[in-house]
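For ligands, and for the atoms within them, numbers begin at 1 and follow the listed sequence. Heavy atoms only: backbone and side chains are in, while hydrogens, waters and symmetry mates are out.
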Amino acid sequence: MTTSSTRFGVIGTGRITRRLVADLQSTDGAVVTAIASRSRERARWYGDQYGIDAAVEGYAELLKRDDVDAVYISLPPSMHAEWAIAAANHGKHVLCEKPLTVSVAQTRQVDLACQAAGVRWLDATGWLHHDRTDAFATWLGEGRFGKIGHVSAAVSFYQPFQSGDHRLDASLGGGCILDLGWYAGGLVRFAMGRMPAWVLADEVILDGVSQRLTAMMGFDDGATATISCGYDTATRKWFEVAGTESSLICDDFTRPWADRPARYWIHDAAGTVKSESFDGHQERNMIKRLISDEPLLRYQQQAIDTQAIVEAVQASIKAGGTKFVLSTMTD
Ligand SMILES: NC(=O)C1=CN([C@@H]2O[C@H](COP(=O)(O)OP(=O)(O)OC[C@H]3O[C@@H](n4cnc5c(N)ncnc54)[C@H](OP(=O)(O)O)[C@@H]3O)[C@@H](O)[C@H]2O)C=CC1
Ligand SMILES: O=C1CO[C@H](CO)[C@@H](O)[C@@H]1O
């Protein structure tokens with residue numbers, strides 16, 4: 001991308017912003033030069049807290065700045081596409097929080113806008129960038145599991161939300177399907193290396209948004225997958241890959257538990273259990289990747305496909321919990 005430090009402008013001052021600003025500031029080759037909020041006071045407060053020089057009122061103002069090469073967007077999901085596209089149109093590289101957008105059509109528009117502007121983009125799905133995930137990808141590539149027959153993933157946490165949380169507002173892209181289904185559906189796509197042929201899903205709605213999601217998926221070769229997500233059970237972030245030769249279990253794939261190294265357990269057909277653990281910092285890896293010259297296509301395709309899986313889940317639910325065949329998807 002550049003030989004000197006990449007200067008990030010941050011759009012939004014929410015909960016996740018705190019962590020990502022610290023990650024940006026502690027990544028070699030990245031600096032944070034500006035932060036924008038709807039409110040000048042909040043931007044100023046935030047800038048003072050985190051040592052960011054420019055505090056800007058209004059997201060559009062930040063995009064006009066010459067001291068910003070790339071943006072980190074941490075807004076509610078329904079606003080991601082608008083600001084990612086605007087950033088691209090101003091020639092800024094884009095790191096956008098997950099879910100990338102709220103539809104496949106919007107995601108394609110983001111991708112096209114970035115391509116047209118010649119800027120790089122990634123969604124901020126940190127687990128994809130952990131050293132552990134690189135090892136998992138190698139094992140998948142080597143066929144270490146034999147033929148994969150089933151993948152399952154579960155991501156949940158127990159509310160309460162703070163009042164006004166975007167997760168409880170459908171118009172802001174709230175609900176657990178986009179929020180947590182993004183992780184579980186993305187994991188299935190990553191482990192299988194291809195898209196499911198069909199998806200069958202159901203949800204529990206409370207306060208106007210999905211509180212719980214259960215979905216089954218099928219692949220052309222007969223393999224299956226299940227995902228379970230929700231705001232009504234305590235924290236889960238596990239997945240299992242079951243193959244003819246071995247299975248792999250990971251109990252913290254979205255983010256390693258705070259006090260433990262990232263790990264996996266592999267069980268082979270003879271009943272041997274092997275555990276492996278990994279160092280590394282997924283967000284710093286992600287940021288380094290964005291500001292490098294490394295091709296990003298496989299991460300971008302993963303995001304586009306994840307968005308399509310989430311949309312297929314929504315389509316199945318809309319059709320009364322019947323099988324949605326992905327080849328009928330129009331976008
Ligand atoms: N990668 C990860 O591990 C995580 C990712 N996320 C993702 O990050 C994004 C933001 O989540 P989170 O930080 O929890 O969100 P918050 O609700 O805490 O913050 C969102 C920010 O967006 C701005 N905003 C603009 N318009 C609105 C609006 N109408 N309602 C609410 N906020 C608005 C606000 O900043 P201001 O008023 O200053 O303009 C607000 O602080 C989501 O897409 C979420 O899925 C969240 C947590 C973890
Ligand atoms: O991405 C995220 C990380 O996980 C949280 C749950 O623990 C989500 O709500 C959040 O949006």
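Contact annotation: for Ser37 versus ligand 1, heavy atoms closer than 4.0 Å belong to both the backbone and the side chain. Counting heavy atoms closer than 4.0 Å to ligand 1, residue Leu172 contributes side-chain atoms (C-beta onward) but none from N, CA, C or O.
Under the 4.0 angstrom criterion for non-hydrogen atoms, Arg255 is in contact with ligand 1. Tyr46 does not count as a contact of ligand 1, since none of its heavy atoms falls under 4.0 Å from the ligand. Using a 4.0 Å cutoff on heavy atoms, Ala124 counts as a contact of ligand 1. For Trp45, the heavy-atom gap to ligand 1 stays at 4.0 angstrom or more. Distances shorter than 4.0 angstrom do not occur between any heavy atom of Ser39 and any atom of ligand 1.
Residue, atom and distance of the protein heavy atom nearest to atom 3 (C) of ligand 2 are Tyr183 OH, 3.6 Å. Scanning the protein for heavy atoms near atom 11 (O) of ligand 2, the closest one is Asp179 OD1, 2.6 Å. Among protein heavy atoms, atom 5 (C) of ligand 2 sits closest to Phe157 CE2, 4.1 Å.
Considering both main-chain and side-chain atoms, Ile16 comes within under 3.5 Å of ligand 1 through a nitrogen or oxygen pair. Considering backbone and side-chain N/O atoms, Arg15 never comes within less than 3.5 Å of an N/O atom of ligand 2. Of the polar atoms of Gly14, at least one N or O is found under 3.5 Å from an N or O of ligand 1, judged by distance alone. Inclusion of Arg19 in the set of residues having an N or O under 3.5 Å from an N or O of ligand 1 is warranted.
Distances below 4.0 Å separate heavy atoms of Arg167 from the following atoms of ligand 2: 9 (O), 10 (C), 11 (O). Close approach to Lys98 involves these atoms of ligand 2, each under 4.0 Å from a residue heavy atom: 1 (O), 2 (C), 10 (C), 11 (O).
Among Glu97, Lys98, His80, the residue whose heavy atom sits closest to atom 44 (C) of ligand 1 is Lys98.
Asp23 places a side-chain heavy atom less than 4.5 Å from the side chain of His281.
Side-chain atoms of Ser74 and Thr17 form a donor-acceptor pair, as typed in the model, at a separation below 3.5 Å.
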